[in-house]
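Structure record follows, encoded as structure tokens.
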Amino acid sequence: MGTSIAFHLAEAGVRDVVVVERDDLGSGSTCKAAGGVRAQFSDELNIRLGARSIELFQRFPQRPGQEIDLHQVGYLFLLSSREHVTAFERNVDLQNSLGVRSRMLTVEEARRISPLIETDGLLAATFSPDDGHCTPESVVLGYATAARRSGVRFHTRTTVRSIVGTGSDSFRVETDRGTVSAGTVVCAAGAWSREIGEMVGVDLPVSPLRRQIMFTEPMPELHDRVTPFTIDFGSTFYFHREGRGLLFGMSDPDETPGFKLDMSDAWLPRLTEAIGRRAPRLLDVGVRDGWAGLYEVTPDHNALIGSVGRFFYATGFSGHGFLQGPAVGEVVRDLVLGREPFVDVSSLDASRFAADRARPELNCV
């Protein structure tokens with residue numbers, strides 16, 4: 001998110017952009033992401049942000065200029081409850097009205113698209129051919145390289161210790177490697193954003209929540225086979241092609257908030273049960289390795305985008321930050337420059353919770 005915003009600001013002619021990163025670029029949630037890109041959401045804003053980002057991902061080799069291994073193999077949501085079928089039918093109607101080519105599928109159609117699945121208990125599915133996945137690290141590299149060419153300065157391995165307002169909408173950003181004076185500050189700190197907000201007296205209700213991903217050994221039967229990003233919505237178990245095998249994961253309803261980046265075995269019984277029910281052939285495939293990363297979760301699983309004075313924020317994407325990064329880079333650029341963005345994001349202001357204006361996103365896992 002930070003490199004996208006920096007790139008778009010620099011491209012628009014802003015010549016004094018500084019990015020401060022505590023570790024290395026992309027080392028937070030981005031490098032642990034599953035890499036999915038989609039426009040299949042229940043919230044109109046998320047649909048628009050997702051669809052615009054897909055457009056920008058498609059042109060990424062030309063602008064900013066980086067190969068990102070975009071595979072538009074589609075997202076397949078598997079539905080096993082009447083309630084979810086009804087909700088996704090509504091979502092597909094909304095998505096179609098906004099130009100997204102999603103559609104409802106029968107169970108047999110879903111099986112043909114994703115042959116690894118077992119269909120017992122399924123009632124329907126949705127699919128959009130323009131969705132897919134790409135490589136998060138390559139996206140970060142592309143934005144950062146182009147931003148540097150436009151004069152953006154990146155201070156990595158630099159920790160922000162405090163942000164002090166100095167009057168007239170200016171700030172003094174104290175780091176462990178010196179001070180940066182700025183007329184505008186943008187917080188894109190992901191799961192660590194609450195602390196940054198507290199430095200300037202802005203409540204950013206973002207909680208870190210561990211999510212784990214694993215990888216299978218090579219699966220020869222996948223050779224030359226298109227495998228969509230498949231999500232068993234009821235259990236949240238998902239998988240997609242990664243190299244010669246699969247990447248797979250699942251949320252853990254018993255997970256508690258915290259900056260936990262170690263792998264835990266506590267989720268394995270529930271994960272194994274979900275795999276056995278929905279993709280049993282995976283139980284016979286070896287597991288190569290995996291990792292744990294952080295979702296940056298808000299109370300309604302929707303982003304925080306807005307500003308207080310010249311302190312701007314883009315955070316709390318609840319698992320959708322990577323896929324919305326290109327579009328949000330454009331939106332924040334326009335907000336900073338006083339322009340009207342391509343989509344009105346005022347309803348994502350962090351103040352919505354105090355005003356009882358939460359807007360829940362259904363299509364999240």
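Atoms considered below: every heavy atom in the structure, side chains included; atoms not considered: hydrogens, waters and symmetry mates.
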- Item | Crowding at CZ, R82 (>12 non-hydrogen neighbours, <6.0 Å) | no
- Query: What's the verdict on ring-ring contact (aromatic ring centres under 6.0 Å, His included) for Y75 and H133, showing C-alpha distance, side-chain angles and the deciding distance?
  - Reply: CA-CA 9 Å; Y75 254 68; H133 54 90; 8.6 Å; no
- Task: State, yes or no, whether a side-chain contact exists between F88 and L362 at a heavy-atom distance under 4.5 Å.
- Result: yes
- Message: What verdict does the side-chain contact (heavy atoms from CB on, under 4.5 Å) test give for L78 and R278, after you've listed the backbone C-alpha separation in whole Å, the side-chain angles of each residue and the deciding distance to 0.1 Å?
- Response: CA-CA 10 Å; L78 306 174; R278 192 56 66 216; 3.9 Å; yes
- Kindly indicate, with the supporting measurements, whether the criterion side-chain contact (heavy atoms from CB on, under 4.5 Å) is fulfilled by H155 and T175. CA-CA 10 Å; H155 296 294; T175 80; over 6 Å; no
- Query: Is there a side-chain contact between V185 and F312, using heavy atoms and a 4.5 Å cut-off?
  - Reply: no
- Query: Between atom CG of D284 and atom CE of M219, what is the distance when rounded to the nearest 0.5 Å?
  - Reply: 9.5 Å
- Any ion pair linking R111 and E108 (charged N to carboxylate O, less than 4.0 Å)? no
- Message: Salt bridge or not between D130 and R38? Use side-chain N to carboxylate O under 4.0 Å.
- Response: no
- Item | NZ/NE/NH1/NH2 to OD/OE distance under 4.0 Å, R244 and E217 | no
- Query: Do R103 and T126 come close enough that some side-chain heavy atom pair is under 4.5 Å?
  - Reply: no
- Should we say atom CD of E340 is surrounded by more than 12 heavy atoms from elsewhere, each under 6.0 Å from it? no
- Message: Grouping I, L, V, M, F, W and Y whenever their side-chain heavy atoms are under 4.5 Å apart, do L268 and V287 come out in a common cluster?
- Response: yes
- Query: Under 4.0 Å between a Lys/Arg side-chain N and an Asp/Glu carboxylate O for E44 and R48?
  - Reply: yes
- Item | Rounded distance (nearest 0.5 Å) linking atom CG of L76 with atom NE2 of H240 | 14.0 Å
- hydrophobic_cluster_shared for F311 and V160, side chain cutoff 4.5 Å: yes
- Task: Any chance you could measure E330, atom CD, to L9, atom CG, to the nearest 0.5 Å?
- Result: 11.5 Å
- Query: Salt bridge check: are D300 and R359 linked by an N-O gap of less than 4.0 Å?
  - Reply: no
- Item | Residue pair R277, E273: steps toward the salt bridge (charged side-chain N to carboxylate O under 4.0 Å, His left out) verdict | CA-CA 6 Å; R277 181 173 59 252; E273 179 185 358; 3.7 Å; yes
- Message: I need the single residue from V336, L335, V17 that forms a side chain to side chain contact (heavy atoms under 4.5 Å, CB included) with V186. Which is it?
- Response: V336
- Message: Check for me whether R211 meets the cation-pi criterion with Y295, that is, NZ or CZ under 6.0 Å from the six-membered ring centre and within 45 degrees of the ring axis.
- Response: yes
- Task: Consider only side-chain N and O atoms of S264 and K260, and report whether a donor and an acceptor are under 3.5 Å apart.
- Result: no
- Message: Less than 6.0 angstrom separating the ring centers of F239 and F215, yes or no?
- Response: no
- Message: Tell me if the CD atom of Q62 is crowded by more than 12 foreign heavy atoms within 6.0 Å.
- Response: yes
- Task: Classify the side-chain pair T216/R288 by whether it contains a donor and acceptor separated by less than 3.5 Å.
- Result: no
- Message: Measuring only between side-chain heavy atoms, which start at C-beta, is F248 closer than 4.5 Å to Y238?
- Response: no
- So how far is it from N363 CG to S42 OG, rounded to the nearest 0.5 Å? 5.0 Å
- Message: By the side chain to side chain donor-acceptor pair (under 3.5 Å) test, which pairs, at least two apart or in different chains, include something from residues 113-124?
- Response: S114-T230
- Message: Hydrophobic clusters here meaning ILVMFWY residues chained together by side-chain heavy-atom distances under 4.5 Å, can you tell me if V107 and V85 are in one?
- Response: no
- Quick one: do the T184 and R310 side chains pair a donor with an acceptor below 3.5 Å? yes
- Task: Go through the side-chain N and O atoms of S162 and E174 and say whether any donor and acceptor fall under 3.5 Å apart.
- Result: no
- Message: Check this for me: does any side-chain nitrogen of one of D349 and R357 sit under 4.0 Å from a carboxylate oxygen of the other?
- Response: no
- Note on the structure: Here the gap from S150 atom OG to R15 atom CZ, rounded to the nearest 0.5 Å, amounts to 6.0 Å
- S97 (side chain) donor-acceptor with L94 (main chain) under 3.5 angstrom: yes
- Can you find a pair of side-chain heavy atoms, one from L70 and one from Q58, that are under 4.5 Å apart? yes
- Can you tell me if H320 uses its side chain to pair, donor with acceptor, with the backbone of F317 under 3.5 Å? yes
- Query: Can you check side-chain contact (heavy atoms from CB on, under 4.5 Å) on W192 and V206, steps first, answer last?
  - Reply: CA-CA 8 Å; W192 296 266; V206 176; over 6 Å; no
- Message: Keeping D131 on the side-chain end and Q72 on the backbone end, is there a donor-acceptor pair under 3.5 Å?
- Response: no
- Flag side-chain contact, heavy atom, 4.5 Å: R153 against R148: no
- Query: Do T315 and E296 have a side chain donor and acceptor closer than 3.5 Å?
  - Reply: yes
- Query: Between E361 and N46, does any side-chain donor sit less than 3.5 Å from a side-chain acceptor?
  - Reply: yes
- Message: Does either side chain, that of Q66 or that of T145, offer a donor lying less than 3.5 Å from an acceptor on the other one?
- Response: no
- Message: Can a side-chain donor-acceptor contact be found between T236 and S251 if the only test is distance below 3.5 angstrom?
- Response: yes
- Verify, without hydrogens or angle tests, whether S80 (side chain) and L122 (backbone) share a donor-acceptor contact under 3.5 angstrom. no
- Query: Can the ring centroids of Y143 and H8 be said to lie less than 6.0 angstrom from one another?
  - Reply: yes
- Does one hydrophobic cluster hold both F237 and W291, with members joined at side-chain heavy-atom distances below 4.5 Å? no
- Message: For D254 and R270: C-alpha separation, side-chain torsions, deciding distance, then whether salt bridge (charged side-chain N to carboxylate O under 4.0 Å, His left out) applies.
- Response: CA-CA 11 Å; D254 296 329; R270 186 179 281 111; 3.3 Å; yes
- Yes or no on side-chain contact (heavy atoms from CB on, under 4.5 Å) for L323 and F41, after CA distance, side-chain angles and deciding distance? CA-CA 12 Å; L323 71 89; F41 288 97; 3.9 Å; yes
- Message: Taking the side chain as everything from C-beta on, heavy atoms only, tell me whether D23 gets closer than 4.5 Å to T156.
- Response: no
- Message: Does any part of the side chain of V180, heavy atoms only, come nearer than 4.5 Å to the side chain of R172, both counted from C-beta?
- Response: no
- Distance from L209 atom CG to S29 atom OG, nearest 0.5 Å? 10.5 Å
